[in-house]
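Data first, discussion second: the structure below is written as structure tokens.
Convention: sequence-line order gives letters A, B, ...; per-chain numbering from 1. When reading the values below, keep in mind they use all heavy atoms of this one structure, side chains included, and skip hydrogens, waters and symmetry mates.
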Amino acid sequence: MKKGDHLFLVDGSGYIFRAYHALPPLTRKSDGLPVGAVSGFCNMLWKLMLDARNTDVGIVPTHFAVIFDYSSKTFRNELYPEYKANRSAPPEDLIPQFGLIRQATRAFNLPCVEMEGFEADDLIATYARLAREAGGDTTVISSDKDLMQLVGATVGMYDPMKDRQIGIPEVIEKWGVPPEKMVDLQALTGDSVDNVPGVPGIGPKTAAQLLEQFGDLDTLLARAGEIKQDKRRESIIANAEKARISRQLVTLKDDVPVSEGLDDFVLHAPDGPKLIGFLKTMEFTSLTRRVAEATGTEVGDVQAVAVTVERADAAHGPDVGSGAAIVQPVSRSQTSEAGETAASGTATTKVGDTPSLLSAFRLERATAAKIDTTAYHCIRDVAALKAWVAEAREAGLAAFDVRATSSDPMQAELIGLAIATTPGRAAYIPFAHKSGNGDLLGGGVLENQIPLRDALALLKPLLEDKSVLKIAQNLKYDLVIMSRYGIDVAPFDDTMLISYVLDAGTHHGHGMDALAEKWLGHTPLQLKDVTGSGKSSVGFDQVDIDKATAHAAEDADVTLRLWLVLKPRLAAKGLVSVYERLERPLVPVLARMEQRGISVDRQILSRLSGELAQGAARLEEEIYQLIGERINIGSPKQLGDILFGRMGLPGGSKTKTGQWSTSAQLLEDLAAEGHELPRKIVDWRQLTKLKSTYTDALPGFIHPDTKRVHTSYALAATTTGRLSSSDPNLQNIPVRTTEGRKIRTAFITDRSHRLVSADYSQIELRVLAHVAEIPQLRQAFADGADIHAITASEMFNVPVEAMPSEIRRRAKAINFGIIYGISAFGLANQLSIPREEASNYIKKYFERFPGIRDYIEETKAYAREHGFVETIFGRRIHYPDIRSSNPSLRAFNERASINARLQGTAADIIRRAMIRMEEALDKAGLSARMLLQVHDELIFETVEAEVEATIPVVRHVMENAAMPAVSMSVPLHVDARAANNWDEAH
DNA sequence: ACAGAAGCTTA
DNA sequence: GTAAGCTTCTGTT
């Protein structure tokens, strides 16, 4: 086993009991043999190994073993004879299943592991330790709390019955303590099932609270006298010894002298005939069919096999029955050839015997069937649609792709929908295609389409079915449209977001074309290929239905294949929780924010536009007077030629294309030297910028029906994890100048409502203080002090009380510079000082805050070694050029990687807040709704009467957003206020 | 009709 | 010095 490998350890004994009790209907084979637990077990193994109906575990393991208890007597009985003493014998109909489950394990080509004197849990602990030491990761397939003590950075758990991952946050959520304190918690609470005594009167809540207070069990027992509650104190003092014994009983032994090593657990591909032989015997028909399909085995070619059924009295002893050989299945055509290898070699697909090939299994499935755009189906009648819906249900998943009249989901009308169930099998359902050769009135709706309402009535139950996973590329678009048609799509996966989590920062994008090219080596049909381009282009609803089918169904097919390839990679790279906690849940939240929109006052903008036009016209005349001719002031080329060419102003510099630079900074400098013209040009630019980008453009975005402005948020556009906003961009509405701020007064509510703006104060600097562990900064934030003044005071030995504003300004620039991955060149530019001086500032800063230099060096070294950096929540951002031999490209990547950890962590924090916000407001009975996000600010709309109640809820969610995943050493602080427009609320 | 550069807006 | 998106101009297709 090596780094990157992933070991699955199935708690076989735990599973048997749980499945037996959890699966209510008593499943029996036709001869009366009870097989409910065996059936559940086989389905679980198959899913875990490679079924396309992926589970939440989402991991492709490289090593796999099933662990069993050997007998009920273990070393713990010597420690405490009563241990597990009150266990009753297993139920009658469960007993034969113990052996069957071991045989099932072997039929899956998986190792069965058990050892006398040890429980399965001890073996699991031992193998998890061995895997960790080898650099690999482990997932324990169990939901037993006794195993939760193993959870850590490289060890996770997965509950196969609830399809849920259990990591550090889940343990904390459930038990109130981190995994490493689980033994102490169990020592206090005891366990009535296993007869672990514990301390009477102490349950999980009290135990967690005590451990929080005292830190650990030993400290608690030593200082038990300090406990205020009389009964509790006395009970703990009286039962201290029981607690110590309990701890020994619940502590798993991770150094069992195991006979098999991890290398014996290398996962082998399933042997189709062998497995099918067993499944057929068990009469698990639907699993048999699935396995046959996946392994390319003909079910008819395989004979059922004999199985050994244990006597009831053997259940407690060593599992003799499982040792008996299973009669090997032999394919009919191969009867003359004895032996497993020969028989299976011809009947299975070419799935090899190495772990990497198992990962390749998915890739192979995704690429095996050639993409043939002429092979797709077109669904034109209700019967066909019903059949496809049933097929998707049976598959448990479907990729889909919506076709609509606009790329803006708030304006788009549905035209059709494509669906794919397995690679190469996809269909398009046209609802609203029109004849392309229509007259001025437009073509009529074509015949032979299922009417929109009927089609949606059939699709809605599927799209909302909890047991069918819907897969899409850029799902938010489809979600907004479907929501407008009354359909709430769930559950879902988004291939674009999976790619973003896997590969943010790499040189390939996350759009369908880029992904199809990279992973499938395929270029899908382009929209232009079917609609035409330019003046002769037509709407998708006028595209010939055959062409539309080829295009839309191909997209669904490609999406499904991408999902098959990408989803397992998430787990292989330990990124499942980033995807599931930071990305996927935000999609519906953003969809709702976009749908709500924000009210913008057309009249205010119109009045402002007039004022700006007047101001600009006046300046224009004055500028013409000064330069003596009527050039296009908006043309930097013409302007540069006049200013530095004809008029000969000093200090001209050139841009990289050889043009004169006319940047604001340069013009400001000239203005400061007393030149009249540059000032007027700067002012003119400001006015025309405000006019064209904001006052003139925004009214065009007011939706005709809702009368509100609906921005679009991109989840996968930035490298760092920030969102971006477009059409219109509401994340760059002016705020710095008084003129610009007037734009914000046009973002309004009606009289009975208010806008609430809540923003994080200095979040990135706080993240820096936390991750770089800077004592002075932590203290300053804890005290609520002026962080820039503190920095200045440390650097220049000036007391904070008498801080000159210029000194503070420089310290502030340095603080920001650190976040941006400081350089002397950049700081010098920012402060308009010589580079030498900037360089000295940085040197001095690092002397005062050596932890920050360490942090920067560590980040660079990490990025160079791994090619990526991570936020504190595990988001990965790649810097493929960090090792470039081009020094400036390399330096740029270094600065970006330093910034990415901070900006990305801040972005993760506000994402977490947004994901939790709706529920928190609901629970508080508040009607406030999130409208906008501007990186460190959230804007809400609420009824006036609820403003006072809303602000504390919002603040609480935002300030605690890092918890419980990360407990920050620096408090987060949120400022919030309410008003009737965005300017006053901010 | 589109793409890139320059410039300006935000966090 | 980080991260974005939009408008205008300009040159090319």
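- Between the NZ atom of A:K742 and the P atom of B:dT9 there is a distance of 15 Å, given to the nearest Å.
- Between A:L938 atom CG and B:dA11 atom C1' the separation is 13 Å, expressed in whole Å.
- The distance from atom NE2 of A:H986 to atom P of B:dT9 is 16 Å, rounded to the nearest whole Å.
- Contact check, A:R685 against B:dC8: a side-chain N or O comes under 4.0 Å of OP1 or OP2.
- Here the rule is side chain to side chain contact (heavy atoms under 4.5 Å, CB included) with A:V767, and of A:T905, A:D908, A:T871 only A:T905 fits it.
- The phosphate of B:dG7 has OP1 or OP2 within less than 4.0 Å of a side-chain N or O from A:T662.
- Not a single donor-acceptor contact under 3.5 angstrom links the side-chain atoms of A:Q731 to the base of B:dT10.
- Near DNA chain C, meaning a heavy atom under 4.0 Å from it, residues 839-860 of chain A has no residue at all.
- A:D696 places its CG atom 16 Å from the P atom of B:dT9, with the value rounded to the nearest Å.
- OP1 or OP2 of B:dA6 has at least one side-chain nitrogen or oxygen of A:T655 nearer than 4.0 Å.
- Under 4.0 Å is where a charged nitrogen must lie from a carboxylate oxygen, and between A:E621 and A:R630 at least one such pair does.
- The distance between atom CZ of A:F701 and atom P of C:dG5, rounded to the nearest whole Å, is 13 Å.
- Among the atoms of the strands shown, base atoms are found under 4.0 Å from some heavy atom of A:R736.
- Under a 4.0 Å N-O distance rule, the pair A:E959/A:R766 does not qualify as a salt bridge.
- Of all nucleotides listed (C:dT2, C:dC6, C:dG11), C:dT2 comes nearest to the side chain of A:A896.
- Residue A:I733 is classed as a sugar-phosphate contact, given heavy-atom separations below 4.0 Å to backbone atoms only.
- Remark: A:P850 pairs with no residue by the side chain to side chain contact (heavy atoms under 4.5 Å, CB included) rule, at least two apart or across chains.
- The nearest whole Å value for the distance from the CZ atom in A:R911 to the C1' atom in C:dA3 is 13 Å.
- Note that CD of A:Q473 and CG of A:D513 are 9.0 Å apart. Values are rounded to the nearest 0.5 Å.
- Within the 4.0 angstrom heavy-atom criterion, no nucleotide atom of any strand lies near A:A906.
- Counting any heavy atom pair closer than 4.0 Å across all strands shown, A:L827 reaches a base atom.
- The residue A:N729 sits close only to the backbone: its heavy atoms come under 4.0 Å of sugar-phosphate atoms, none of a base.
- Ion pair A:E894/A:R864 flagged as a salt bridge, since at least one NZ, NE, NH1 or NH2 atom sits closer than 4.0 Å to an Asp/Glu carboxylate oxygen.
- In this structure, of C:dA4, C:dC6, B:dA6, it is C:dA4 that holds the atom nearest to the side chain of A:T718.
- If you take NZ of A:K654 and P of B:dG7, they are 13 Å apart, rounded to a whole angstrom.
- For A:N632 and C:dC9, the shortest distance from a side-chain N or O to OP1 or OP2 is below 4.0 Å.
- With C:dT8, C:dA3, B:dT9 as the candidates, the nucleotide lying closest to the side chain of A:S692 is C:dT8.
- Note on A:A907: nothing from the nucleic acid sits closer than 4.0 angstrom, heavy atoms only.
- Considering only the side chain of A:A697, C:dT7 comes nearest among C:dC6, C:dT10, C:dT7.
- Across C:dT2, B:dG7, B:dA5, the shortest atom-to-atom separation from the side chain of A:Y820 is found for C:dT2.
- For the pair A:R596 and A:E941, the salt-bridge criterion is not met [side-chain N within less than 4.0 Å of a carboxylate O].
- Listed by residue number, there are no residues of residues 756-770 of chain A with a heavy-atom contact under 4.0 Å to DNA chain B.
- Residue A:T657 places at least one side-chain N or O closer than 4.0 Å to OP1 or OP2 of B:dA6.
- Using a 4.0 Å cut-off between a side-chain N of Lys or Arg and a carboxylate O of Asp or Glu, A:E676 and A:R679 do not qualify as a salt bridge.
- Within 4.0 Å (heavy atoms only), A:R895 reaches sugar-phosphate atoms of the nucleic acid but no base atom.
- Of all nucleotides listed (C:dT2, C:dG1, B:dA6), C:dG1 comes nearest to the side chain of A:I822.
- Checking B:dA6, B:dT9, C:dG1 against every side-chain atom of A:N829, the shortest atom distance belongs to C:dG1.
- With distances taken from any side-chain atom of A:H935 to the nucleotides B:dT9, B:dA6, B:dA11, the minimum falls on B:dA11.
- With B:dG7, C:dA3, B:dA11 as the candidates, the nucleotide lying closest to the side chain of A:S663 is B:dG7.
- Contacts of A:Q638 with the nucleic acid, taken as non-hydrogen atoms under 4.0 Å apart, involve only primed sugar atoms and P, OP1 or OP2.
- Within the 4.0 angstrom heavy-atom criterion, base atoms lie near A:A813.
- Atoms CZ and NE2, from A:F781 and A:H973 in turn, are 11.5 Å apart once rounded to the nearest 0.5 Å.
- Considering only the side chain of A:V735, B:dT10 comes nearest among B:dC8, C:dG5, B:dT10.
- Residue A:R618 qualifies as open at atom CZ: its count of foreign heavy atoms under 6.0 Å is 12 or below.
- Rounded to whole Å, the distance from CZ on A:R835 to C1' on C:dG1 is 13 Å.
- If you check every strand for non-hydrogen atoms under 4.0 Å, A:G817 touches a base.
- Heavy-atom neighbours of A:Q614 CD from other residues, nucleotides or ligands within 6.0 Å: at or below the threshold of 12.
- Under the 4.0 Å criterion applied to side-chain N and carboxylate O atoms, A:E806 and A:R809 are assigned as salt-bridge partners.
- Backbone-only engagement by A:T719 is indicated by non-hydrogen atom pairs under 4.0 Å involving sugar-phosphate atoms exclusively.
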